[in-house]
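Chain identifiers are assigned alphabetically (A, B, ...) following the order of the sequence lines, protein sequences preceding nucleic acid strands; residue numbering begins at 1 within each chain. If you're wondering where the values come from, they're calculated on a predicted model, not measured in any experiment.
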There are 2 protein chains.
Amino acid sequence: MSRWPTDARERLERAAIELFQEQGFAATTVPEITARAGLTTRTFHRHFADKREVLYAGADASGLATRLIADAPAGLPPLALIMEGLRTVVATRFEGRREDLRVRREIVRSDSGLRERDLQKWADMSAAIRAGFTARGIAAMRAALLADTAVSLLRVSLEEWLDHDDDRELFEIVRTGLDAMRTELAAG
Amino acid sequence: MSRWPTDARERLERAAIELFQEQGFAATTVPEITARAGLTTRTFHRHFADKREVLYAGADASGLATRLIADAPAGLPPLALIMEGLRTVVATRFEGRREDLRVRREIVRSDSGLRERDLQKWADMSAAIRAGFTARGIAAMRAALLADTAVSLLRVSLEEWLDHDDDRELFEIVRTGLDAMRTELAAG
DNA sequence: CGCGTGATGACATGCCATGTCATCGGGTAA
DNA sequence: TTACCCGATGACATGGCATGTCATCACGCG
């Protein structure tokens with residue numbers, strides 16, 4: 001055992017999300033969070049770069065994307081790789097967490113700073129995918145377009161999934177989105 | 001004539017960008033900017049919501065996108081509308097400003113907060129396009145995917161254009177990008 | 001000629017983020 | 001066992017951003 005309970009980070013995270021739900025993100029101060037967690041402000045910023053980052057603790061979709069691309073069979077075409085990757089991401093990070101994700105989405109929507117941070121996280125994921133593709137020898141611009149397409153597909157599908165309450169599976173929506181893009185681009 | 005020179009906003013903008021180039025964004029304080037412009041901090045925040053926003057004064061690509069979609073002929077297919085819109089945006093906002101845009105890009109790249117703000121601006125543009133499409137009767141998810149595709153095309157092409165120094169025109173790169181996406185999606 | 005209006009200045013405040021140093025328990029090696 | 005190092009936290013201080021509030025003052029309008 002350590003001198004302090006070892007779950008400081010988790011306590012801060014729980015306290016923060018509770019307070020965000022109770023009072024809103026902007027109305028919650030860092031001292032309030034640390035008071036509820038029994039810690040100090042300085043310690044909060046040792047665990048999280050800023051007040052927004054606490055909402056993304058343990059997310060790291062970029063790391064997962066990097067691994068999935070690196071581990072994919074060499075011959076797999078990029079688009080197939082993307083769909084396989086999205087299937088895994090959906091299964092491990094989204095499926096079964098719909099209510100939790102709705103709560104988080106409401107908090108993010110309520111604050112402009114959080115919306116910007118959210119965009120940054122998606123951009124990080126896109127950058128990771130792009131890097132994975134360039135590492136596989138795909139040209140820069142093609143890799144960037146593929147990465148953006150993958151992220152857009154996932155993000156738009158996620159919104160659709162959270163908006164509605166039917167029992168469509170998220171990945172099914174992703175596949176529908178891909179078909180939509182296909183016909184859109186083929187037609188023009 | 002007014003009591004004060006009427007160009008307060010422009011003076012602030014010029015002073016800010018000068019200082020950002022001289023010392024960097026983070027190292028420049030709002031009082032420094034206002035001192036150079038001969039104004040006060042409070043006045044700065046009357047013209048710009050925050051220190052980052054000064055870099056996007058008079059940009060408003062979202063407004064342009066909204067107008068372009070609203071004014072487009074009713075029968076025009078979405079993808080054709082996008083390419084026509086991108087041609088206009090490129091011509092009126094980007095073409096001929098390559099060096100200026102490179103300077104701004106360097107400033108944005110240097111600061112994480114600015115990178116997030118930049119993403120927000122692109123997201124605003126995507127939202128404007130999406131709204132324009134839904135107003136034309138296109139279903140929500142299809143509109144969102146189209147909007148993201150348009151913005152991604154523009155953004156990736158812009159990066160390519162700024163990265164290189166040949167005399168390829170920006171819109172030519174956009175067209176190449178569209179072709180790349182087409183073959184990508186058709187192949188898989 | 002007096003008054004409203006709009007832009008600015010002056011002042012104060014709350015909070016975020018961060019640098020620095022002290023403290024203290026636990027693990028490690030001699 | 002003991003002495004020492006390490007890592008996590010507390011305590012304190014500081015700089016800067018963003019914003020609320022009220023006063024000031026020229027201009028134009030009736």
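Around atom CD of Glu10(A), more than 12 heavy atoms belonging to other residues, nucleotides or ligands sit under 6.0 Å away. Within a 6.0 Å sphere centred on CG of Asp166(A), other residues, nucleotides and ligands contribute more than 12 heavy atoms.
Nearest-nucleotide mapping onto DNA chain C: of Arg42(A) and Thr28(A), the residue sitting toward the 5' end is Thr28(A).
Proximity note for His45(B) (side chain, C-beta onward) versus dA18(D), dG9(C), dA17(C): the nearest is dA18(D). Of the candidates dG10(D), dG9(C), dC17(D), dG10(D) carries the atom nearest the Thr40(A) side chain, counting heavy atoms from C-beta on. In the set dC17(D), dG10(D), dT8(C), the nucleotide with an atom closest to the side chain of Thr43(A) is dG10(D).
Atom P of nucleotide dC15(C) and atom CD of Gln23(A) are separated by 11 Å, given to the nearest angstrom. One can place CD of Glu53(A) at 16 Å from P of dC16(C), the figure rounded to the nearest angstrom. In this structure, Leu19(B) atom CG and dG16(D) atom C1' are separated by 16 Å, rounded to whole Å. One atom, CZ of Phe44(B), and another, P of dG20(D), lie 16 Å apart when rounded to the nearest Å. Distance, Leu39(B) CG to dC25(D) P: 17 Å, rounded to whole Å. A straight line from CG of Asp50(A) to C1' of dA18(D) spans 16 Å, rounded to a whole angstrom. To the nearest angstrom, C1' of dA18(D) lies 11 Å from CZ of Arg52(B). If you take CZ of Arg117(B) and C1' of dC17(D), they are 13 Å apart, rounded to a whole angstrom.
For His47(B) and dT8(C), the shortest distance from a side-chain N or O to OP1 or OP2 is below 4.0 Å.
The base of dG7(D) has none of its N or O atoms less than 3.5 Å from a complementary donor or acceptor on the side chain of Arg46(A).
Residues Asp50(A) and Arg117(A) are paired through a salt bridge, judged by an N-O separation under 4.0 Å between the basic side chain and the carboxylate. Remark: Arg11(B) engages Asp7(B) in a salt bridge, criterion side-chain N to carboxylate O under 4.0 Å.
Within 4.0 Å (heavy atoms only), Gly38(B) reaches sugar-phosphate atoms of the nucleic acid but no base atom.
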For residues 77-93 of chain B, dump all side-chain donor-acceptor pairs below 3.5 Å to protein atoms at least two apart in sequence or in another chain.
| residue | atom | partner | partner atom | Å |
| --- | --- | --- | --- | --- |
| Glu84(B) | OE2 | Arg87(B) | NH2 | 3.4 |
| Thr88(B) | OG1 | Glu84(B) | O | 3.3 |
| Thr92(B) | OG1 | Thr88(B) | O | 3.0 |
| Arg93(B) | NH1 | Ala59(B) | O | 2.4 |
| Arg93(B) | NH1 | Asp60(B) | O | 3.4 |

